[in-house]
Amino acid sequence: MEKIVINGGKKLQGEIFVHGAKNSVLPILAATLLIKGVSIIHNVPDLTDVDASVKILEYLGAKVKREGNTLIVDACEITENTIPEEMMREMRSSIIFLGSLLSRTKEAYICYPGGCDIGIRPIDLHLSSLRKLGAVITENGSCLCCKNANCHGAKIILTFPSVGATENIIIAAAVSKGKTTIINAAREPEISDLAAFLNSCGAKIFGAGEGTIEIEGVDGLYPCTHTIIPDRVVAATYMSAAALCADELIIKNIRSQHLSPVIPAFMEMGCKLYIDRNNLKVVSPKRLKRVRMIKTMPYPGFPTDCQSVIMAALTKASGTTVINESIFESRFKHISELNRFGADIAVNDRSAIINGVKNLYGANVYCTDLRGGASMVIAALAAEGKSTIGDIYHINRGYENIEDNFALIGADIKRISDEKAKENEKTEQQEA
């Protein structure tokens with residue numbers, strides 16, 4: 001096991017680069033199963049979730065090669081239609097393979113997915129939607145047996161704009177006969193990126209990024225080359241670190257329109273934001289101001305994935321901020337860890353009340369989930385003294401070399417093994 005060790009209080013400065021979007025590359029990798037050829041995907045970050053998707057592709061028979069930040073996926077021959085339980089449990093997004101595997105092999109045998117424990121995330125919308133497309137799905141405990149009984153287009157009304165369900169429908173409907181209409185579809189930029197990839201392969205998908213999406217099924221898809229969009233959550237993470245720990249910082253490779261839901265919060269905090277093409281300069285005030293209210297909502301509302309990282313920045317803001325989490329009921333697990341730094345955060349039902357403090361102090365904490373782990377890195381960067389962050393396998397799921405990226409802009413941060421951490425602690429005790 002590894003830990004991240006941070007000596008906080010260092011001013012960040014310079015430029016930091018945003019890698020490709022995790023939540024975009026995962027469904028696109030699943031969609032490569034539809035293509036009997038070689039797909040070339042650029043701007044793919046080196047993440048454990050990406051590794052998990054690659055393992056699934058290779059198990060199913062695809063050949064995958066990484067060259068830098070490019071993945072080359074050869075799905076000419078798919079030999080399996082079953083995904084082992086241990087692979088499914090590695091990440092939540094593994095459920096996206098259901099629609100693509102069902103379309104490619106006409107049968108799929110999978111178990112329920114895993115991922116961060118941030119609350120109930122049922123897959124009932126995935127299953128009910130695929131059934132409307134003609135799939136026959138039976139459940140046996142934690143396993144699913146899915147068969148493609150001549151899948152066809154359908155009108156599907158989602159009771160909630162689920163990102164995963166929207167992606168599964170798009171992938172399955174792309175090569176189904178007839179027209180499929182998704183009403184109350186998810187509108188996230190990653191949905192548009194998936195549609196752009198499939199359309200480049202010959203699919204006919206219209207309205208991605210809007211509340212209604214129409215898909216005209218085609219007989220087959222052909223290979224293409226595609227570049228993944230920048231990760232808006234990573235960008236928001238760097239914005240939060242800049243707000244708290246830098247006078248000014250340039251964040252490179254962003255899509256400003258994708259950040260529009262979080263920009264008002266940073267402006268209310270007193271930050272000045274300057275956008276130049278795909279670069280964003282964040283200029284921070286001497287002390288951040290509180291934000292009156294933040295409520296997480298489906299896109300284009302404030303993203304639930306950004307709630308914890310902006311909370312870390314607000315721990316030192318003047319005044320009181322209220323953050324209401326309306327998406328996941330268990331997404332406040334990181335708060336008890338943030339309070340170990342000296343933050344003053346209370347929870348009332350699904351609202352967090354952040355009373356800004358003047359100083360944070362080094363602490364030994366553990367990641368509770370992916371974005372919660374990132375919030376602890378931000379707090380540790382701002383804290384006085386040394387902090388140690390454990391269970392960083394959560395962070396590895398969505399941030400590529402987070403310690404190297406922050407070190408390049410002035411942070412005193414490194415990744416060490418548990419054994420090395422114990423040796424350092426023993427040495428410090430002896431010196432004291």
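Hydrogens, waters and symmetry mates are skipped; everything else that's a heavy atom, side chains included, is used. Count residues from 1 along the sequence. Everything quoted here is computed from the prediction, not taken from an experiment.
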Salt bridge (charged side-chain N to carboxylate O under 4.0 Å, His left out) evaluation trace for R415 with E403: CA-CA 7 Å; R415 179 188 298 248; E403 70 282 0; 2.9 Å; yes
Are the side chain of N168 and the backbone of H126 linked by a donor-acceptor contact shorter than 3.5 Å? no
The reported gap from CZ in R350 to CD1 in I327 (rounded to nearest 0.5 angstrom) is 8.0 Å
- Task: Determine whether more than 12 heavy atoms belonging to other residues, nucleotides or ligands lie under 6.0 Å from atom CZ of R340.
- Result: no
What pairs of donor and acceptor atoms, side-chain ones from residues 228-235 against any protein atom, are under 3.5 angstrom apart with sequence neighbours left out?
from : atom 1 : to   : atom 2 : distance (Å)
D231 : OD1    : V233 : N      : 3.0
D231 : OD1    : V234 : N      : 3.1
D231 : OD2    : K22  : N      : 3.0
R232 : NE     : E190 : OE1    : 3.4
R232 : NE     : E190 : OE2    : 2.9
R232 : NH2    : E190 : OE1    : 3.1

Side-chain donor-acceptor distances from residues 204-227 under 3.5 Å, at least two apart:
from : atom 1 : to   : atom 2 : distance (Å)
H226 : NE2    : D193 : OD1    : 2.9

Residues passing the side-chain contact (heavy atoms from CB on, under 4.5 Å) test with K252, sequence neighbours excluded, are E15, F17, I250, N279
Problem - Polar side chain donor-acceptor pair, Y393 to T48, under 3.5 angstrom - result: no
Y109 meets the side-chain contact (heavy atoms from CB on, under 4.5 Å) criterion, sequence neighbours left out, with N81, T82, E107, C145, K147
Between F97 and the options L26, I171, L57, the side chain to side chain contact (heavy atoms under 4.5 Å, CB included) test singles out L57
Presence of salt bridge, R131 and E139, under 4.0 angstrom:
yes
Applying side-chain contact (heavy atoms from CB on, under 4.5 Å) to P300 and not counting sequence neighbours gives R187
| Would you call R331-D305 a salt bridge at under 4.0 Å N-O? | yes
| query | Taking atom types as modelled and ignoring hydrogens, do the side chains of E325 and T296 form a donor-acceptor contact shorter than 3.5 angstrom? | reply | yes
- [ ] Go through the steps for S375 and H334 under the test side-chain hydrogen bond (donor to acceptor under 3.5 Å, both in side chains), then give the verdict.
- [x] CA-CA 8 Å; S375 75; H334 60 283; 4.9 Å; no
Taken in chain and number order and not counting sequence neighbours, the residues that satisfy side-chain contact (heavy atoms from CB on, under 4.5 Å) with D412 are N7, K10
